[in-house]
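Below is one structure, written out as structure tokens; the observations come after it.
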Amino acid sequence: MSSEPSPTDPAPDAAPDAARRDPAPDAARRDAAGRGAAQRVGIVVDSNSQLPPALAERYGISVVALTVTVDGVDHLEGVDLDADRFYEAWADGRSPEISTSQPSPGAFVASYQSLVDDGATDIVSIHIAASMSGTFNSARLAADEVDARVHLVDTGTASFGISCCAWAAAEARAAGASVEKIVEVAQRRASGLHTSFVVGVPQLIDRSGRSQDLAVEQAATAGVPIIAMTGPDLYVLATVIDLDEAVEAMVDDALAWSPSDPSGLRIAVGTSDASSTAVSAAITRRVTGHRAVADVIQYRIGPSVGAHTGPGTAGLFVF
């Protein structure tokens, strides 16, 4: 049964040791991610979340894989295609044909049923924006096929922003929150997210269909365009001379964001491949130890995101 709420990997080697940490906080270990009554609430995300395996394991979050097709061969993201293997497709100057597709409703049914078999009576299913992907609709179709209440959360965002919402939901579950509160926490986190990034292959984002009139490829002829997203809306934050200026602009933009917690900002720094580590490491150095920043997290930009941005992509989420 569906209960749809009202709209309301490895860190880069160059990152400083102080910020190179597992994204699962100490709270993840509390009560084995919600044993007992809280464990009756399952949490599901799709693989576009770029959820680090360590965080998924510690919190007991199930991941349903998107399909990423590379040169005509279908792969399941995070199952038989990881970030390293994906970016190898661009090695030696190659330009692979890449496409992505949402999980089938059957894939969600299988994930939901596994949780039901383990005792879940409610499932919080947290996903990429419905305006960006058919993933949310597949989850909606699957929700009526299992004997549990499935609470669907459209995050209105993509990539690690989904993980940020699942992370908040899992912390609430571990603290013993009701399912209604868990959904509310995930929705609130979604409303407080912002991201900015530079893309390695500008034409990919223009061709993705996710950026109406963004013209990133054209902007790249004048410098380095910085793409930003609040909710599902992509826009060019600025076009700067070089990557050093891009780092400065992204960090300044992040530090101006309103924190979702009184302790300060949490900033998640994303790296695609080796060609982007200089940028992600520079972002990490700038924000680590800043008085406004409570936590710095590292994540990997994997196949279903890299399909639309390419190697050389780096950026951040802030909340």
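It should be emphasised that the depicted structure is a prediction, and the values quoted were computed from it without experimental measurement. Heavy-atom basis, side chains included; hydrogens, waters and symmetry copies ignored.
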Pick out which of Thr67, Asn48, Asp46 makes a side-chain hydrogen bond (donor to acceptor under 3.5 Å, both in side chains) with Ser304.
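The option that passes is Asn48.
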How long is the span from the NE2 atom in His308 to the CD1 atom in Ile301, to the nearest 0.5 Å?
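One finds 13.0 Å between NE2 of His308 and CD1 of Ile301.
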As an exercise, state the distance from CD of Glu245 to CG of Leu243, rounded to the nearest 0.5 Å.
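Going from CD on Glu245 over to CG on Leu243, the span is 10.0 Å.
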Side chains of [X] and [Y]: closer than 4.5 Å at any heavy-atom pair?
X: Thr195; Y: Leu316; answer: no
X: Val183; Y: Val153; answer: yes
X: Thr69; Y: His75; answer: no
X: Thr284; Y: Val296; answer: yes
X: Gln113; Y: Phe108; answer: no
X: Ile226; Y: Val198; answer: yes
X: Ile43; Y: Ser62; answer: no
X: Asp253; Y: Met250; answer: no

Which atoms form the tightest heavy-atom contact between Leu193 and Thr230, and what is the distance?
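Heavy atoms only, the tightest pair is O-CG2, 4.0 Å.
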Do the side-chain N and O atoms of [X] and [Y] include a donor-acceptor pair separated by under 3.5 angstrom?
X: Glu77; Y: Ser47; result: yes
X: Ser125; Y: His127; result: yes
X: Gln203; Y: Gln218; result: no
X: Ser280; Y: Thr271; result: yes

What I want to find out is whether Glu184 reaches Lys181 closely enough, with some N-O distance under 4.0 Å, to be called a salt bridge.
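Yes.
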Parallel, tilted or perpendicular, judged at 30° and 60°: which one describes the rings of Phe86 and Trp90?
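Answer is perpendicular, since the angle exceeds 60°.
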May I ask you to decide if Pro103's main-chain N or O and Ser138's side chain share a donor-acceptor pair within less than 3.5 Å?
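Answer holds: yes.
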Selection residues 90-117 - residue pairs positive for salt bridge (Lys or Arg N to Asp or Glu O under 4.0 Å), sequence neighbours left out
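Listed by first then second residue: Asp92-Arg94.
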